[in-house]
K.L.:
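Pasting in a structure now, in structure tokens, and then I'll have a few things to ask.
The figures that follow rest on heavy atoms only: side chains count, while hydrogens, waters and symmetry mates do not. Just so we're on the same page: letters track the sequence lines, and every chain starts at 1.
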Protein chains: 2
Amino acid sequence: MARTALPPPAVPGTAGAFPVTVDVVALTVRGAALHALVVDRLLEPYRGQAALPGGFVLPGETLEQAAGRELEEETGLTVPAGVTGTGPWHLEQLRTYGPLGRDPRGPVLSVAYLLLAPAFGLPAAGGDAAEARWVPVGGTTAHLAFDHDRILADGVERARAKLEYSPLAAAFCPPEFTVAELRGVYEAVWGTHLDARNFHRKATGTPGFLEPTGRLGGSGPGRPAELYRLAAGVDPTAAVLHPPLLRQVSPGPAAPSA
Amino acid sequence: MARTALPPPAVPGTAGAFPVTVDVVALTVRGAALHALVVDRLLEPYRGQAALPGGFVLPGETLEQAAGRELEEETGLTVPAGVTGTGPWHLEQLRTYGPLGRDPRGPVLSVAYLLLAPAFGLPAAGGDAAEARWVPVGGTTAHLAFDHDRILADGVERARAKLEYSPLAAAFCPPEFTVAELRGVYEAVWGTHLDARNFHRKATGTPGFLEPTGRLGGSGPGRPAELYRLAAGVDPTAAVLHPPLLRQVSPGPAAPSA
DNA sequence: TCGGCTTTTCGTCAAGGTGACGAGAATGTA
DNA sequence: TACATTCTCGTCACCTTGACGAAAAGCCGA
């Protein structure tokens with residue numbers, strides 16, 4: 001292609017120009033376990049291997065738009081526009097992985113995003129990648145392409161840490177949910193067991209977190225639970241839980257002597 | 001320069017290639033206030049205006065290398081190699097700011113870094129930018145070039161949040177410091193006043209945070225203080241303070257009635 | 001219909017953390 | 001030497017947390 005008349009940017013000639021990809025760590029809670037979304041690559045490199053959904057940023061796109069487009073193309077998941085904010089779904093930038101030594105095609109910059117979603121979106125295979133599927137995190141996580149193993153680990157760790165001091169666990173839940181569902185999210189993400197009674201006290205007692213709807217939900221055995229929603233006007237990105245819901249750290253207290 | 005025989009990367013032709021800059025939010029505590037490092041730009045755009053130190057990433061560089069190089073070129077600050085870890089100094093990636101609408105020269109990606117440093121490094125003017133200087137944060141922060149106001153705000157907020165649950169305050173201190181110096185860091189970054197006695201109890205009582213050196217320091221009036229250092233083997237990036245040192249949130253409790 | 005069983009929700013209680021504050025120790029200064 | 005200043009250690013009331021008991025309110029099988 002001939003050099004077009006597009007005005008070359010007045011950046012110094014020594015500056016490099018890098019292809020930029022966007023990779024998405026999409027997490028959800030299915031059953032009682034945390035799952036991540038992976039796709040099987042159709043193209044080289046790493047053809048046939050599992051990878052995080054993602055792809056190159058096109059000219060004229062924002063990073064968020066690229067993340068949403070790639071997700072939709074490869075997995076059929078349609079992220080509601082502009083959902084870096086409230087409600088179920090939560091999209092936030094994770095971090096950027098440097099241009100060197102991570103892509104056999106050469107220096108490529110990758111901006112990773114973290115998506116927390118309720119479990120209802122079963123991905124439909126299609127687009128640039130075959131067979132999008134949820135894989136349990138921490139289990140048989142086969143090696144992912146590129147440095148996606150590390151990106152996935154960073155995303156999971158970010159999610160775990162954020163549950164402590166932000167109302168982000170609600171991003172995994174439908175718009176209205178029970179305290180038990182919310183507790184299930186914490187248990188799945190942290191991989192721990194939480195006392196239902198204490199969790200109920202803390203979750204409902206934390207100001208600016210939950211808001212009762214007045215309705216009842218749940219059809220299983222046992223007493224029906226009250227339905228809650230995220231407190232109105234809460235931006236899960238910025239809101240802070242006080243006091244935080246801290247996970248246990250010292251798992252091994254000294255065994256009481258006889 | 002003619003097209004060299006370097007194998008063109010096999011990235012899709014539709015993928016964009018973006019110039020990438022690295023901008024550094026360098027924070028320190030001087031006196032009793034948090035300060036940020038800014039430089040005056042010598043080149044267009046925004047010539048003469050204050051901006052965060054930074055510049056374009058060169059081919060063959062990692063992002064961290066670019067951050068260190070730009071800092072050294074523009075401010076004379078030499079960041080010790082590989083100090084994403086322990087000790088004074090702390091460099092971590094902040095976030096990436098999208099390619100659209102942030103540079104008049106066209107789409108430019110900017111990866112921002114956060115540097116926490118002790119106060120000893122008085123920057124020497126030179127390099128690509130004139131007059132590097134510390135400006136107090138939150139005070140007369142004149143408008144910075146590009147979207148650097150937002151980047152600075154994000155960096156300050158990250159630093160404030162990280163002090164709560166990480167031993168990162170020590171990055172602002174010399175290798176050995178007193179509890180009062182450490183408290184001064186918290187007070188400057190958070191902009192609050194902390195009770196010296198309670199802070200002493202929490203800081204020295206938190207496991208895995210401080211380690212007494214046995215020596216005494218401080219030459220001002222009053223009883224000399226013991227010198228501490230960061231506990232051995234602590235990686236401030238990953239270590240977590242339990243319990244966290246939480247800042248006050250609800251400043252207005254109900255006034256007790258008569 | 002009627003006990004079990006399960007789950008939610010509310011209380012109780014001891015242990016430990018937190019903020020407010022008193023007081024002694026150890027220094028510089030007038 | 002008297003005083004101010006700062007560091008360090010204690011005390012005490014209040015709150016949160018974790019462990020756990022128990023009532024409420026629905027299913028399920030006999």
K.L.:
Short question: side chain of A:Gln93, backbone of B:Arg95 - any donor-acceptor pair under 3.5 Å?
P.N.:
no

K.L.:
If you compare all heavy atoms of B:Leu168 against all heavy atoms of B:Glu92, which two are closest, and at what distance to 0.1 Å?
P.N.:
CD1-OE1, 4.4 Å

K.L.:
Taking any atom under 4.0 angstrom from a heavy atom of chain A, which nucleotides of DNA chain C are the first and last to qualify, 5' to 3'?
P.N.:
C:dT6 to C:dT12

K.L.:
Near DNA chain C, which residues from residues 192-201 of chain B have a heavy atom under 4.0 Å away?
P.N.:
B:Asp195, B:Arg197, B:Asn198, B:Arg201

K.L.:
Check step by step if side chain to side chain donor-acceptor pair (under 3.5 Å) holds for A:Tyr97 and A:Asp154.
P.N.:
CA-CA 11 Å; A:Tyr97 297 84; A:Asp154 287 350; 2.6 Å; yes

K.L.:
Any side-chain heavy atom of B:Tyr228 within less than 4.5 Å of one from B:Thr213?
P.N.:
no

K.L.:
Taking all atoms of both residues into account, what is the closest heavy-atom pair of A:Leu71 and A:Pro53, and its distance?
P.N.:
CD2-CG, 4.1 Å

K.L.:
Which comes earlier along DNA chain D counting from the 5' end, the contact point of A:Lys202 or that of B:Pro221, where each point is its nearest nucleotide?
P.N.:
B:Pro221

K.L.:
Which pair of heavy atoms, one from A:Ala132 and one from A:Val39, lies closest together, and at what distance?
P.N.:
CB-CG1, 3.8 Å

K.L.:
Quick one: how far along DNA chain D does chain A reach, first to last nucleotide 5' to 3', anything under 4.0 Å to a heavy atom?
P.N.:
D:dT17 to D:dG26

K.L.:
Do A:Phe199 and A:Tyr186 make the cut of ring centroids closer than 6.0 angstrom?
P.N.:
yes

K.L.:
What's the shortest heavy-atom distance between B:Val185 and B:Cys173, and which atoms?
P.N.:
CG2-SG, 3.8 Å

K.L.:
Starting at OG1 of A:Thr28, measure out to CG of A:Leu116 and round the result to the nearest 0.5 Å.
P.N.:
9.0 Å

K.L.:
On DNA chain C, does the nearest nucleotide to B:Arg223 precede the nearest nucleotide to B:Ser219 from the 5' side, or the other way round? Give the residue.
P.N.:
B:Arg223

K.L.:
Under 3.5 Å, is there a donor-acceptor pair between the side chain of B:His148 and the main chain of B:Leu52?
P.N.:
yes

K.L.:
Let me know, please, whether A:Gly222 or B:Pro224 comes out on the 5' side of the other along DNA chain C by nearest nucleotide.
P.N.:
A:Gly222

